[in-house]
Amino acid sequence: MASCFSMARVFLAFLVVASSLGHVFSSPLLSDSGDRQRANHTKEIQRLKLKLRRINAYLNKINKPAFKTIQSPDGDVIDCVLSHLQPAFDHPALQGQKPHFVQEDPPERPNGYKYTEAVAESESFQLWADSGESCPEGTVPIRRTRQKDIQRASSITRYGRRRVRRDSTGSGHEHAVAFEKGDEYYGAKASLNVWAPRVCNEYEFSLSQIWIISGSFGNDLNTIEAGWQVSPELYGDNNPRFFTFWTTDAYRATGCYNLLCSGFIQTNNKVAIGAAISPTSSYNGRQFEIGLMVWKDPKHGNWWLELGSGILVGYWPAILFSHLRSHANMIQFGGEIVNSRSSSSGLHTSTQMGSGHFAQQGFGKAAYFRNLQRVDWDNNLLPITNLRLLADHSNCYDITQGRNNLWGTYFYYGGPGRNVRCP
């Protein structure tokens, strides 16, 4: 494009000289070409300016005024936002009810719940907390979205959304999961170790999570999801991050990651959803795990998220959902990756799931979930006894289960992606 502009300037200079010599030459064709190039250049500048205005308008909408700002060692900016100003209350179902909609009394934890697991005994498992700063009471820490975050997305409207997942094998999504269905479920609980799997490009991700599912994999799927993920497109790096997600229409228009749209009400001032987790597990070394529990509070019907041993993060109001307004019909645990290469090159991605090692390698080498439990209709926390396994690309990522007195029901899962058995 630059060479085109240089030629135009040469021709324009020639025309000026020709004109000064009594208009001996004329070149309307060249003049028209230069005009068209200038017009196209002007249109491109206008298009970029319009896109920038839209990005800034979006940022002004989702980034709420900060009571205090904290600079994280990994480059994130954490804004301490007054609780009643958080994005949740932009949701149409919650507007006009802030701050009165906030559930001020604590949820009723399931019967049989014990504070005994050494999973994440404090909130200082995130990099931003290493700064020594914290958010005051009455505020919630929110990872600030910046212009460069939006520019990585395919569009402003798709930022923070998940690509449509028709079923367990569609759209390049691949899984190694354990699930239970066939009953009414009011929650799920597990402990899982955290890794930093390699993700090959910004269009792919690797995550490990709990799913609370109701409805069908058509247009009306309701899900609540929480765990850790590596997503270069969403976060701009390869750090594993604590995340949440929800949808009420099979990932089409509703719901999003973390607090990037309205809905989830955060109540904790020490956990930043979307912030990097530190430390992580190491191969043949120390294992770092987090505990997760999502359950429906029998007092108010909201779906609460607990992290570690007793850390209440916040809740999804029941009013957000259709099917999940009453209960779930499936709970699921495990890993998921996106393989963006299958349709283009025919070669499988080398994006890793879990630790990047197959399940058979066991403790210290493979990723795991342990102490899998479910919550029943009477708010009882029970062991899972009818677990089913699914690895839709078992040569790339697999899963094996077990049970013992210390870990209860557990499984190992994951893999390297492309290998001799997964070309």
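The figures here come from the full heavy-atom set of this structure, side chains too, leaving out hydrogens, waters and symmetry mates.
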Would Arg241 and Phe243 count as a cation-pi pair here, with the cationic atom under 6.0 angstrom from the ring centre and within 45° of the axis? no
State plainly whether the residues Glu306 and Lys189 are in salt-bridge range, i.e. N to O under 4.0 Å. no
Would you say the rings of Phe89 and His84 are close, in the sense that their centroids are separated by under 6.0 Å? no
If we only count heavy atoms from C-beta on, is the Trp304 to Trp295 side-chain gap below 4.5 Å? yes
Side chains of Val81 and Phe67: does their closest heavy-atom pair fall under 4.5 Å? no
Tyr58 and Tyr159 aromatic ring geometry - parallel, tilted or perpendicular at 30°/60° bounds: perpendicular
Salt bridge check: are Lys299 and Asp105 linked by an N-O gap of less than 4.0 Å? yes
Can any side-chain N or O of Arg341 pair as donor or acceptor with the backbone N or O of Leu347 at less than 3.5 Å? no
Would you say Glu225 and Thr223 are linked by a side-chain donor-acceptor pair, where the criterion is simply a distance under 3.5 Å? yes
Whether the side chain of Gln86 engages the backbone of Gln266 through a donor-acceptor N/O pair (distance < 3.5 Å, no angle test) should be reported. yes
4.5 Å side-chain heavy-atom contact, Trp377 and Tyr185: no
Charged N to carboxylate O below 4.0 Å: is that the case for Glu180 and Arg374? yes
Answer yes or no: is there a side-chain heavy-atom contact under 4.5 Å between Gln71 and Trp128? no
Does the side chain of Glu336 come within less than 4.5 Å of Phe205's, by heavy atoms? yes
Centroid-centroid distance, Tyr397 to His348, less than 6.0 Å: yes
If we only count heavy atoms from C-beta on, is the Tyr413 to Val177 side-chain gap below 4.5 Å? no
Residue pair Glu202, Arg152: steps toward the salt bridge (Lys or Arg N to Asp or Glu O under 4.0 Å) verdict: CA-CA 8 Å; Glu202 65 179 14; Arg152 287 192 303 270; 5.5 Å; no
Is the ring centre of Trp303 less than 6.0 Å from the ring centre of Tyr315? no
With a distance cut-off below 6.0 Å to the six-membered ring centre and an angular limit of 45° from the axis, does Arg370 pair with Tyr412 as a cation-pi contact? no
Lys181 NZ: over 12 foreign heavy atoms closer than 6.0 Å: no
Interatomic distance, SG@Cys422 vs CG@Asn339, rounded to 0.5 Å, equals 7.5 Å
Are Thr409 and Leu387 side-chain neighbours, meaning at least one heavy-atom pair lies under 4.5 Å? yes
Has the side chain of Asp297 got a donor or acceptor atom that lies under 3.5 Å from a matching backbone atom of Asn302? no
Nearest 0.5 Å, what's the CD-OG distance between Gln373 and Ser191? 8.5 Å
